[in-house]
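Positions are given from 1 along the sequence.
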Amino acid sequence: MTTDDLCQALLRHYSAKKYQGKDENSDVSCRKRKVLHLVSQWISLYKDWLHEDEHSKMFLKTIYRNVLDDVYEYPILEKELKEFQKILGMHRRHTVDEYSPQKKNKALFHQFSLKENWLQHRGTVTETEEIFCHVYITEHSYVSVKAKVSSTAQEILKVVAEKIQHAEEDLALVAVTFSGEKHELQPNDLAISKPLDAAGRMHVYRKDLADTLNPLAENEESQQRSMRILGMNTWDLALELMNFDWCLFNSIHEQELIYFTFSRQGNGEHTVNLSLLLQRCNEVQLWVATEILLCSQLGKRVQLVKKFIKIAAHCKAQRNLNSFFAIVMGLNTASVSRLSQTWEKIPGKFKKLFSELESLTDPSLNHKAYRDAFKKMKPPKIPFMPLLLKDVTFIHEGNKTFLDNLVNFEKLHMIADTVRTLRHCRTNQFGGEMSPKEHQELKSYVNHLYVIDSQQALFELSHRIEPRV
C-alpha cells in the first residue's frame, strides 16, 4: 500500500457505520479506538516524515475532526482523543460537553491549523544547529569543525588557525570547486551554505593563494600538538568524546536505519544524522593514527599510545562503544601497528589492557564478545553503529520482503526488533559533568579534530618516523 492508500483505507474503516453486518455501538466504538491507536503509534514513529507528506497532513486533520465530531456520541473515545492531542502537541483540555453537536467545529479546525507547527521537520537545519564541516589544510588532511550553520568564514578561520597554530591574518578560507576553480570567502560570508556544499571543498590557503599549508613539517609547533593532548585528563577527554557522540546518536531517528538499508542508492537527506555518526566513527579512528604518526619523538609517541589505550578503556566504562571501537581500530591501523620500536616500549600492563580491549572487537562468532558485553550494559549507552546497520542489512538481504505476493511480516518484525535497539539505548540520558574551564578546552579540542584522511600519507609518516629496517 502507498501512504495515500493506507490513509484512505483507515478513514473508510473509521467512518463505516457497519462492519461485517454488525452495527452495535460497542463494535463501532471499538473499531474507531483501534484505528486511533494505530494512527497514534504511526505518528510516534514516523512523525517527521508524516509532516513532510501533504496527503498525510490532510489525513491527520481529517481524522482529528472526525474524532471531535464523534466524541459526544461515543464518550469512550475521550481517552483516545486526549492521547491523540498529546501526540500532536496540542495542550488544550477538551471535554465531551465542549464538543456537543450544538457546537460548531470551525473554530476548532482553525485552532488546529494554527498549531500546525506541532512537528518540526527534522531535515530543516536551523541557524543555531551545529553540523560537521571539513576544512582541508593539505590535499589529504583536514580539520573537522563542528560549527553553527550561521557561522561566518571569519569564525571558521579562527577555529582552524588556532587548531593548526598559524596566524589567522595570514590565512584565507577558500571554496574550491570540483573543476579546480577557487573562490575566496570574505570574512562576513556564511561559510556553511548550500552553494558551498555544491562547490566541493573548503580549503585554508595562504593569503596569496600560492598553495595549501603544510602542517606535517617537523617543527616546534607539531611537537606542541603532542604535548597538548598528553596534558589532558584521559577520563575527561573520553567524557567529552561521549558527549559529542551522544549528541549525534540522540538525533538519529529509528527510520534512518530503514532508509539506509532499504534505499542503498540512498537518499542522503533522510539519513543525515546517521551519516554524521558513521563519519565521526571514521574520523576518531583517523585522529588516533594522525596524532601518533605526527609525533616524531619516540618517548612522546609511547606516551601517546598509552594515552589512547586508557581513553579506549574509559570509553568502554562510559558505555560509548562507538568511540571505543574507533580508537581500538585506530591503534590497529597498519601504519600504527607496524611501529615496532614504539610498541616494544609499551609497558606490559598496558599491552595486557589493550589485548583485553581488542578481544571485545573480535569479529568471530558474529561479534559474540561485543554482543555479550553490550547486552550487560545498562542504558544509556551508544552502540557500535556499523554493526547495528550490518544486522539490519543482513535481515533485509537474507529474507524476502514478499512471499507468494504477501508481505513477509516475520522479516519486518525482525527488523523492527533490531531497530528498537536505539530506543532501548536511549532509555536514560547521560549526565557527565566537569569544571567549566576544563570543559571548554576539551570541547574545543574534541569538536575540531585534526585528521589525515589518506592512508598513503599516513604510511609515509609512519616510515619517516620508523624507517623499515
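- Phe354 has its side chain within reach of Asn332: a pair of non-hydrogen atoms, C-beta onward, lies under 4.5 Å apart.
- Of all non-hydrogen atoms in Ile327 and Ala312, the two that sit nearest each other are CG2-CB, 3.8 Å.
- Taken to the nearest 0.5 Å, the CG atom of Leu277 stands 4.5 Å off from the CD1 atom of Ile252.
- Side-chain N or O atoms of Lys351 include one that pairs as donor or acceptor with a backbone N or O of Trp343 at under 3.5 Å.
- Counting heavy atoms from C-beta outward, Leu171 and Tyr205 have side chains that stay 4.5 Å or more apart.
- Looking at heavy atoms from C-beta onward, Leu387 lies out of side-chain contact with Phe325 at the 4.5 angstrom threshold.
- Using a 4.5 Å heavy-atom threshold, the side chains of Val204 and Leu173 count as touching.
- Crowding of Lys316 atom NZ: a count of heavy atoms from other residues, nucleotides or ligands under 6.0 Å not exceeding 12.
- When all heavy atoms of Asn447 and Phe244 are compared, the pair lying nearest together is OD1-CD1, 3.0 Å.
- A distance-only check finds no donor-acceptor pair linking the side chain of Asn250 to the backbone of Trp246 [under 3.5 Å].
- Counting heavy atoms from C-beta on, the side chains of Arg371 and Asn366 come closer than 4.5 Å.
- A distance of 4.5 Å separates CG of Leu10 from CG of Leu6, quoted to the nearest 0.5 Å.
- Residues Arg301 and Thr342 come closest through the heavy atom pair NE-OG1, 3.0 Å.
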Quick one, Asp453 with Tyr136, criterion side chain to side chain contact (heavy atoms under 4.5 Å, CB included). Give me CA distance, side-chain angles, the key distance, then yes/no. CA-CA 10 Å; Asp453 66 349; Tyr136 278 80; 3.2 Å; yes
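- Panel note: side chain Ser444, backbone Glu441; no donor-acceptor pair is recorded below 3.5 Å.
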Show your working on side chain to side chain contact (heavy atoms under 4.5 Å, CB included) between Arg338 and Ser462 and close with a plain yes or no. CA-CA 8 Å; Arg338 67 165 294 277; Ser462 179; 2.7 Å; yes
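- Counted within 6.0 Å of CD on Glu410, heavy atoms from surrounding residues, nucleotides or ligands total 12 or fewer; the atom is thus considered open.
- To the nearest 0.5 Å, the span separating CG on Leu388 from CG on Leu422 amounts to 6.0 Å.
- Using cut-offs of 30° and 60° for the angle between ring planes, the Phe384 and Tyr370 rings count as perpendicular.
- Looking only at distances, a side-chain donor or acceptor of Lys381 sits under 3.5 Å from a matching main-chain atom of Phe374.
- In this structure a side-chain-to-backbone donor-acceptor pair under 3.5 Å is present from Asn273 to Ser251.
- Each of Leu293, Leu461, Leu339 was compared with Glu466 under the side-chain contact (heavy atoms from CB on, under 4.5 Å) criterion, and only Leu339 meets it.
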Worked check of side chain to side chain contact (heavy atoms under 4.5 Å, CB included) between Leu286 and Ile452: CA-CA 7 Å; Leu286 290 169; Ile452 298 172; over 6 Å; no
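- Interatomic distance, Ile382 CD1 to Asn320 CG, rounded to the nearest 0.5 Å: 4.0 Å.
- By the 6.0 Å contact criterion, NZ on Lys34 is open, its count of non-hydrogen atoms from other residues, nucleotides or ligands being 12 or less.
- Within the 4.5 Å cutoff, the side chain of His134 has heavy atoms near those of the Glu283 side chain.
- Atom OG1 in Thr290 sits 8.5 Å away from atom OH in Tyr142 (nearest 0.5 Å).
- When side chains are defined from C-beta on, Trp287 counts as touching Val284, because their heavy atoms get closer than 4.5 Å.
- Among all heavy-atom pairs drawn from Met385 and Phe249, the shortest one is SD-CE1, 4.0 Å.
- The pair Asp372-Lys375 does not count as a salt bridge, with every side-chain nitrogen at least 4.0 angstrom from each carboxylate oxygen.
- Using a 4.0 Å cut-off between charged side-chain N and carboxylate O, Arg423 and Glu254 make a salt bridge.
- A donor-acceptor distance shorter than 3.5 angstrom exists from the side chain of Ser275 to the backbone of Thr271, with no hydrogens or angles considered.
- Of the residues listed (Lys307, Lys306, His314), the one engaging Thr234 in a side-chain hydrogen bond (donor to acceptor under 3.5 Å, both in side chains) is His314, and it is the only one.
- The number of heavy atoms from other shown groups lying within 6.0 Å of NE2 (His37) does not exceed 12.
- The environment of Lys310 atom NZ is sparse: at most 12 non-hydrogen atoms of other residues, nucleotides or ligands sit within 6.0 angstrom.
- For Asp391 and Thr418, the side-chain atoms include no donor-acceptor pair closer than 3.5 Å.
- Annotation: side chain of Phe324 is in contact with side chain of Leu360 (closest heavy-atom distance under 4.5 Å).
- Of the possible polar contacts, none joining the Glu162 side chain to the Val159 backbone as a donor-acceptor pair under 3.5 Å is found.
- Judged by distance alone, with hydrogens and angles left aside, the side-chain atoms of Asp404 form no donor-acceptor pair with the main-chain N or O of Leu406 at under 3.5 Å.
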Under the side chain to side chain contact (heavy atoms under 4.5 Å, CB included) criterion, do Gln186 and Gln154 qualify, and how do the steps go? CA-CA 8 Å; Gln186 298 305 309; Gln154 187 174 13; over 6 Å; no
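- Put simply, CG on Leu298 and CD on Glu344 are 9.5 Å apart, with the number rounded to the nearest 0.5 Å.
- Between Leu248 and Arg280, the closest heavy-atom pair is CD1-CB, 3.9 Å.
- Glu240 contributes no side-chain N or O that, together with a main-chain N or O of Leu442, makes up a donor-acceptor pair within less than 3.5 Å.
- Here the closest non-hydrogen pair linking Pro380 and Asn428 is CB-O, 3.2 Å.
- Checking side-chain atoms of Arg319 against main-chain N and O of Lys378 turns up a donor-acceptor pair under 3.5 Å.
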